[in-house]
Structure formats: structure tokens, C-alpha cells
Protein chains: 2
Amino acid sequence: MADQIRIRRSKQREIILEELMKLGSHPSADELYDRVRKRLPHISLGTVYRNLEILSREGVIRRLALDGQRMRFDGGRDEHQHIRCIRCGRVDDVPAPAAASESERSVARRTGYLVIERRVQYLGMCPACRRKDRVS
Amino acid sequence: MADQIRIRRSKQREIILEELMKLGSHPSADELYDRVRKRLPHISLGTVYRNLEILSREGVIRRLALDGQRMRFDGGRDEHQHIRCIRCGRVDDVPAPAAASESERSVARRTGYLVIERRVQYLGMCPACRRKDRVS
DNA sequence: ATACATGCAAACTTTTTGCGTCCCC
DNA sequence: GGGGACGCAAAAAGTTTGCATGTAT
């Protein structure tokens with residue numbers, strides 16, 4: 001189970017999250033800022049950044065680092081992968097978790113993309129940090 | 001086979017590439033700049049950026065977009081995956097291509113990391129761009 | 001000869017931060 | 001009441017670009 005999320009609620013935080021969830025897409029901070037501003041005209045961009053930072057640190061949302069683009073954010077709660085167009089930079093979700101070897105074909109079938117490359121990135125804790133963690 | 005690479009050679013470009021290859025790591029533009037400057041004291045940071053851009057566009061090197069960090073570059077020519085420490089941000093190579101399901105355990109064994117997450121990203125061309133490609 | 005690369009510096013974009021005030025718990 | 005969150009604005013960080021000049025092909 002995930003740790004309990006214990007962040008204070010604020011109008012701004014709620015609406016930021018709400019708008020991110022509502023959008024099925026992967027907006028950048030200031031695209032989201034534009035959305036949110038329609039409901040909270042006085043919110044500041046700094047607040048949007050601060051909240052996106054906090055929400056992704058807490059694991060509520062995901063932060064997508066994409067080549068040559070600014071940071072994007074994803075409110076999707078379920079497991080899914082992303083597929084990015086190398087031409088226009090558009091990013092779509094790949095709904096079900098694809099199985100390894102024939103995953104490219106399967107992804108192509110489900111998204112309509114021409115799949116060119118599959119990148120896998122692992123996240124973890126390196127040996128040095130594991131040691132530090134044990135001590136601290 | 002890959003297309004022929006036909007970029008003009010320059011002292012600067014050669015040394016940038018050379019230093020990137022020599023480093024086994026994944027430096028940011030200005031870490032690389034520091035290195036290169038030891039051999040070409042008058043090179044400018046702009047030149048480093050320009051060349052990294054060109055080299056990655058030509059597929060000679062790889063550009064790594066990593067969460068919350070600046071862009072990093074990878075001169076490794078062979079297929080490999082990356083693993084990142086969620087605590088210190090360190091990025092290591094995962095030498096052999098890992099097979100799907102038990103890949104996490106396998107990666108852990110080979111890198112000493114505690115593997116927390118596995119992210120897959122697909123690159124391709126979206127339906128709209130495929131259509132445009134056919135026309136243009 | 002000419003198209004491309006460079007150095008320099010300024011500009012730009014994106015993200016972070018300091019500060020005084022406000023609000024949630 | 002107190003610590004976190006906010007708005008605002010300034011600044012930092014990272015990257016790109018215009019321009020005059022130099023260089024590879």
C-alpha cells in the first residue's frame with residue numbers, strides 16, 4: 001500500500017488537481033495554469049508549479065520528462081505507458097500494460113502509431129544511497 | 001542500416017564527441033563543456049549545445065530527458081537501458097537488454113540497485129503525422 | 001565560392017525562490 | 001497559534017539565437 005497522503009488542502013491545490021484529472025492529456029505547467037485561471041483568476045504560476053511539485057513528490061500525479069520539451073504532468077492514476085510522436089511531439093497513453101516482446105506490434109495496433117522505438121527506464125536506489133539509507 | 005551521416009567535421013565537434021565517448025557517464029551540456037574546455041579553452045557553451053543538438057539529431061549520440069534534471073547526453077553506441085537513482089539522481093547503464101517480466105530482478109542483480117519502478121516509453125509516429133508524411 | 005561552424009553576448013523560456021500576508025488544522 | 005500555502009515579483013537555471021567572422025569542402 002502507498003503511504004498515507006497527508007498534505008493540507010487548499011482551494012488552489014484542489015482545483016489544480018481537478019483540472020489535471022479532467023484533462024485526459026499531459027499538459028505543461030502553464031497550459032494547466034491557463035485552465036486553472038479560468039476558475040481562479042488570481043492564482044499565480046508559482047503556485048501551480050509548487051503544487052505540481054508537491055503532488056508528484058507525493059505520488060498523486062506523474063511528471064513526464066520528455067526530450068526537448070518542457071515538463072509535462074499526468075493525472076492518470078492507473079498504470080499506463082506513454083507513446084510519443086517523434087515528429088510532432090504529441091504524447092498519448094497506451095492503455096493496457098503491454099507484454100514484452102510483441103509489445104511494439106500490440107502498441108501499434110492499439111494506438112495507430114507507427115512504433116519506432118521502445119525505451120525502458122528503471123528507477124531505483126543505487127548501492128551508495130541504499131547504504132546511506134540504512135545509516136540515516 | 002542507418003543513413004549515411006554527412007556532417008561537416010570541425011575540431012570542436014570532434015573533440016566534443018571524443019570527450020563524450022571517453023566519459024562512460026551521461027554528462028549535461030556544461031559538464032561536457034568543462035571537459036572540452038581543457039583541450040579547447042576558447043570553445044563556447046553555445047557551440048557545445050549546437051553540436052550536441054546536431055549529433056543527437058543525426059543519431060550519433062543519445063539525449064536523455066530525465067525528471068527534474070537538465071538534459072544529459074550519452075555517447076554509447078550499443079543498445080542499453082538506463083537506471084536512475086530516485087534519491088541522488090545518478091544514472092547508470094544497464095548493459096544487456098533485460099527480458100520483460102523478471103527484468104527487474106535481473107536488473108537489480110546486475111546493477112546492485114534496489115529496483116523500484118520500470119518505465120517503458122515508446123517512440124513512433126502518430127496517425128496524423130503518418131498521413132502528413134504520405135502527402136508531403 | 002559558399003554553405004556551414006564558431007565565439008560572443010544577449011535574449012528567451014522555464015522553473016524556482018524570497019517575502020510579507022493569509023488560511024487551514 | 002503556528003506552520004504551511006498563497007500571490008507577487010525578482011532571479012536563477014538552462015538553452016537558444018543573431019551577428020560578424022572564420023573554415024571545411
Side-chain angles (χ1 to χ4, degrees), chain A residues 3-20 25-74 89 91, chain B residues 3-20 25-58 60-74 88-89 91:
Chain A
D3 284 337
Q4 197 62 292
I5 293 156
R6 32 122 207 284
I7 40 183
R8 190 184 283 190
R9 20 191 341 153
S10 77
K11 200 80 198 160
Q12 288 85 342
R13 183 163 301 157
E14 263 161 34
I15 292 186
I16 288 168
L17 185 54
E18 222 173 280
E19 289 296 321
L20 178 56
S25 59
H26 312 92
S28 62
D30 69 59
E31 283 162 2
L32 193 54
Y33 172 57
D34 283 345
R35 286 284 180 143
V36 170
R37 215 162 18 155
K38 287 177 185 151
R39 295 175 59 186
L40 294 175
H42 294 298
I43 197 173
S44 77
L45 181 55
T47 296
V48 173
Y49 271 104
R50 261 187 295 240
N51 277 295
L52 290 172
E53 216 286 300
I54 292 168
L55 290 168
S56 66
R57 174 153 36 81
E58 297 295 328
V60 180
I61 66 176
R62 281 213 271 163
R63 171 191 278 251
L64 309 180
L66 298 170
D67 203 280
Q69 298 180 53
R70 51 180 181 255
M71 197 65 65
R72 300 185 163 275
F73 299 87
D74 180 345
V91 177
Chain B
D3 284 337
Q4 197 64 290
I5 293 155
R6 30 120 206 286
I7 41 183
R8 190 184 283 192
R9 25 193 335 160
S10 77
K11 200 81 198 159
Q12 289 85 341
R13 184 163 299 159
E14 264 161 33
I15 292 187
I16 288 167
L17 185 53
E18 222 174 280
E19 289 296 320
L20 178 56
S25 59
H26 314 91
S28 63
D30 66 61
E31 283 162 1
L32 194 53
Y33 172 56
D34 284 344
R35 286 283 181 144
V36 169
R37 215 161 18 152
K38 287 178 184 150
R39 295 175 60 187
L40 295 175
H42 294 298
I43 197 174
S44 77
L45 181 56
T47 295
V48 173
Y49 271 105
R50 261 187 296 240
N51 277 295
L52 289 172
E53 216 287 300
I54 292 168
L55 289 169
S56 67
R57 175 154 36 81
E58 297 295 330
V60 180
I61 65 176
R62 281 213 271 163
R63 174 190 277 250
L64 309 180
L66 298 170
D67 202 280
Q69 298 181 54
R70 49 180 181 258
M71 198 65 65
R72 301 186 162 275
F73 299 86
D74 180 345
C88 69
V91 177

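What's counted below: heavy atoms across the whole structure, side chains too, no hydrogens, waters or symmetry copies. Letters A, B, ... are given to chains in the order of the sequence lines, protein chains preceding strands, and every chain is numbered from 1.
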Task: Under the side chain to side chain donor-acceptor pair (under 3.5 Å) test, residues paired with A:Gln12 that sit two or more places apart - done: none
TODO: Round to the nearest Å and state the distance from B:Leu55 atom CG to C:dA5 atom P.
DONE: 11 Å
Open item on the list: Using the side-chain contact (heavy atoms from CB on, under 4.5 Å) criterion, which residues pair with A:Glu14? Sequence neighbours excluded.
Closed with: A:Arg9
Task: For A:Tyr33, side-chain contact (heavy atoms from CB on, under 4.5 Å) partners two or more places apart - done: A:Asp30, A:Arg37, A:Ile43, A:Leu45, A:Val48
Task: For A:Arg57, salt bridge (Lys or Arg N to Asp or Glu O under 4.0 Å) partners two or more places apart - done: A:Glu53
Task: Non-neighbouring partners of B:Arg70 that pass side chain to side chain donor-acceptor pair (under 3.5 Å), sequence neighbours left out - done: B:Ser28
Open item on the list: Could you walk me through whether B:Ile54 and B:Arg13 satisfy the side chain to side chain contact (heavy atoms under 4.5 Å, CB included) test, starting with their C-alpha distance in whole Å, then the side-chain angles of each, then the deciding distance to 0.1 Å, before giving a yes or no?
Closed with: CA-CA 10 Å; B:Ile54 292 168; B:Arg13 184 163 299 159; 3.5 Å; yes
TODO: Please identify each residue that fulfils side-chain contact (heavy atoms from CB on, under 4.5 Å) with A:Ser44, with sequence neighbours left out.
DONE: A:Thr47
- [ ] Would you jot down, in residue-number order, the residues of residues 28-36 of chain A having a non-hydrogen atom under 4.0 Å from DNA chain D?
- [x] none
Task: B:Leu40 CG to C:dT6 C1', straight-line distance once rounded to whole Å - done: 11 Å
Task: For atom CD of B:Glu14 and atom P of C:dC4, their distance in whole Å - done: 19 Å
- [ ] Grab the CD-C1' distance between A:Gln69 and C:dT14 for me, whole Å please.
- [x] 14 Å
Open item on the list: With a 6.0 Å cut-off (strictly less than), is the heavy-atom count around CZ of A:Arg35, excluding the residue itself, greater than 12?
Closed with: no
- [ ] Tell me, with the steps shown, if A:Phe73 and A:Leu32 meet side chain to side chain contact (heavy atoms under 4.5 Å, CB included).
- [x] CA-CA 9 Å; A:Phe73 299 87; A:Leu32 193 54; 5.6 Å; no
TODO: Please figure out whether B:Gln12 or A:Met71 has its closest DNA chain C nucleotide nearer the 5' end.
DONE: B:Gln12
- [ ] May I have the distance from B:Ile43 (atom CD1) to C:dG7 (atom P), rounded to whole angstrom?
- [x] 5 Å
Open item on the list: Ignoring hydrogens, what is the shortest heavy-atom contact between A:Leu66 and B:Ala65? Give both atom names and the distance.
Closed with: C-CB, 3.6 Å
Open item on the list: Any carboxylate oxygen within less than 4.0 angstrom of a Lys/Arg side-chain nitrogen, looking at B:Glu19 and B:Arg39?
Closed with: yes
Open item on the list: Between C1' on C:dT6 and CD1 on B:Ile54, what's the gap in Å once rounded to a whole number?
Closed with: 11 Å
Task: Inter- and intrachain pairs under salt bridge (Lys or Arg N to Asp or Glu O under 4.0 Å), touching residues 43-52 of chain A, at least two apart - done: none
Open item on the list: Over all strands shown, is B:Leu45 touching base, sugar-phosphate only, or nothing at heavy-atom distances under 4.0 angstrom?
Closed with: base
Open item on the list: Give me the atom names and distance for the closest heavy-atom approach of A:Arg72 to A:His26.
Closed with: NH1-O, 2.8 Å
Write out a two-atom table: protein N or O, nucleotide N or O from nucleotides 18-25 of chain C, distance below 3.5 Å.
| from | atom 1 | to | atom 2 | distance (Å) |
| --- | --- | --- | --- | --- |
| C:dC25 | OP1 | A:Arg9 | N | 3.4 |

Open item on the list: Applying side-chain contact (heavy atoms from CB on, under 4.5 Å), can you list everything that pairs with B:Lys11, at least two apart in sequence or on another chain?
Closed with: B:Ile15, B:Leu40
TODO: Would you grab the first and last nucleotide of DNA chain D (5' to 3') that comes under 4.0 Å of any non-hydrogen atom in chain B?
DONE: D:dG14 to D:dT25
Open item on the list: With a cut-off of less than 4.0 Å, is there a side-chain N or O of B:Arg13 near OP1 or OP2 of C:dA5?
Closed with: yes
- [ ] Check the distance between C:dC4's P and B:Asn51's CG and give it to me in whole angstrom.
- [x] 15 Å
Task: Bend angle of the helix from C:dA1-D:dT25 to C:dC25-D:dG1, end axes from five pairs each (to 10°) - done: 50°
- [ ] Report yes if a side-chain nitrogen or oxygen of A:Tyr49 is closer than 4.0 Å to either non-bridging phosphate oxygen (OP1 or OP2) of C:dT15; otherwise report no.
- [x] yes
